[in-house]
Amino acid sequence: GRCISCKVGSYSEKEESRECTLCPAGRHGIVAKDGSATVRSSLSSACQQCEVGKYVNLAGNKECFDCPPGSSCGREGMNASEPCPKGRYTDISNRWNCTACPSGRYQNGVGAAKCLFCEAGTYNNGSGSTYLGSCLDCGAGKYAAQPGSSSCQECGKDTFRASKGRHISCESCLEGK
């Protein structure tokens, strides 16, 4: 009988074997840079670990997949992407770590591609916040006109806010007061 080379994404460690073993999940088949055949006689010569930022969940695959938004692939040889934890996100693919939500925002879900804005009239000056309650009402004499504020602004000349609350503007002082 004639020997047949194992296909890309598989290998055989024994001579005269009747079958090839698929590269495991987390590894992809190696293709030579010049397109020539590579010797596929061992796991290490035939199957390369996925690089950081990529994963493959299938055996025998020729390439790894980009880690999708909302997840990270922080190690070589990953067979699945890891969803971002609460308070963190990735908005593009191929990320090796998730970013903390910036001030003025929060994320209470897992696997998020973006963070949620604190409502207008509230602020949040911390990063990595995991729940809506981290968005605080503005204090007396202050307001936050825009969603996603990291601080409240002071009321301007001849305007006021007597108490703490979700203020998106200040009230005008009456003449003579």
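Source: prediction; values computed, not measured. Values below: all heavy atoms of this structure, side chains included; hydrogens, waters and symmetry mates excluded.
- Within the 3.5 Å criterion, the main-chain N or O of Cys152 finds no donor-acceptor partner in the side chain of Ser149.
- Between Ala145 and Ala120, the shortest heavy-atom distance links the atoms O-CB, 3.6 Å.
- In terms of modelled atom types and a separation under 3.5 Å, the side chain of Thr90 and the main chain of Ser71 share a donor-acceptor contact.
- Distance check: Asn94 CG to Ser72 OG gives 12.0 Å after rounding to the nearest 0.5 Å.
- Dense packing is recorded around CG of Leu116, with more than 12 heavy atoms of other residues, nucleotides or ligands lying under 6.0 Å away.
- To the nearest 0.5 Å, the span separating SG on Cys135 from OH on Tyr123 amounts to 10.5 Å.
- Here the side chains of Ser81 and Cys67 are in contact, with some heavy-atom distance below 4.5 Å.
- Nearest heavy-atom pair across Ser10 and Cys6 is OG-CB, 3.5 Å.
- The shortest side-chain heavy-atom distance between Ser127 and Pro102 does not fall under the 4.5 Å cut-off.
- Counting heavy atoms from C-beta outward, Asn61 and Arg27 have side chains that stay 4.5 Å or more apart.
- Cluster partners of Phe117: none. The rule joins Ile, Leu, Val, Met, Phe, Trp and Tyr whenever side-chain heavy atoms lie under 4.5 Å apart, and it links nothing here.
- With sequence neighbours excluded, the residues forming a salt bridge (charged side-chain N to carboxylate O under 4.0 Å, His left out) with Asp137 are Arg166, listed by chain and number.
- Proximity of Phe160 to Cys170: side-chain heavy atoms (C-beta onward) are nowhere separated by under 4.5 Å.
- His28 has its side chain within reach of Cys64: a pair of non-hydrogen atoms, C-beta onward, lies under 4.5 Å apart.
- Rounding to the nearest 0.5 Å gives a distance of 7.0 Å between SG of Cys118 and CG of Leu132.
- Listed by first and then second residue, the salt bridge (charged side-chain N to carboxylate O under 4.0 Å, His left out) pairs involving residues 79-108 are Arg75-Glu82 (not counting sequence neighbours).
- Taking both residues in full, the closest heavy atoms of Ser151 and Ala144 are given as O-CB, 4.4 Å, listed atom of the first, atom of the second, then distance.
- Under the salt bridge (charged side-chain N to carboxylate O under 4.0 Å, His left out) criterion, Glu154 pairs with Lys142, not counting sequence neighbours.
- Applying the salt bridge (charged side-chain N to carboxylate O under 4.0 Å, His left out) criterion to Arg161, with sequence neighbours excluded, gives Glu171.
- Between Gln107 and Cys101, the shortest heavy-atom contact is CB-SG, 3.6 Å.
- For residues 56-108, the set of pairs meeting the ring pair (Phe, Tyr, Trp, His ring centres under 6.0 Å) definition, not counting sequence neighbours, comprises Tyr55-Phe65.
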Full working for side chain to side chain contact (heavy atoms under 4.5 Å, CB included) between Thr21 and Glu13: CA-CA 9 Å; Thr21 303; Glu13 292 180 330; over 6 Å; no
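- In this structure, OH on Tyr11 lies 6.0 Å from SG on Cys47, to the nearest 0.5 angstrom.
- Within the 4.5 Å cutoff, the side chain of Cys73 has heavy atoms near those of the Met78 side chain.
- Residues Cys23 and Val8 form no side-chain contact, since every pair of their non-hydrogen atoms from C-beta on lies 4.5 Å or further apart.
- The minimum heavy-atom distance linking Asn79 with Gly26 is given by the pair CB-N, 3.9 Å.
- Side chain of Ser17 to backbone of Lys14: no donor-acceptor contact under 3.5 angstrom is found.
- Expressed to the nearest 0.5 Å, how far OG1 of Thr99 lies from CD1 of Ile92 amounts to 8.5 Å.
- Here the closest non-hydrogen pair linking Glu19 and Ser12 is O-OG, 3.8 Å.
- Atom CD of Gln153 sits about 14.0 Å away from atom NE2 of His167, to the nearest 0.5 Å.
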Let me see the working for Thr130 and Asn108 under side chain to side chain contact (heavy atoms under 4.5 Å, CB included), right down to the final yes or no. CA-CA 5 Å; Thr130 58; Asn108 56 3; 5.8 Å; no
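- Ser134 places a side-chain heavy atom less than 4.5 Å from the side chain of Asn124.
- In the displayed structure, Tyr131 atom OH is contacted under 6.0 Å by at most 12 heavy atoms of other residues, nucleotides or ligands.
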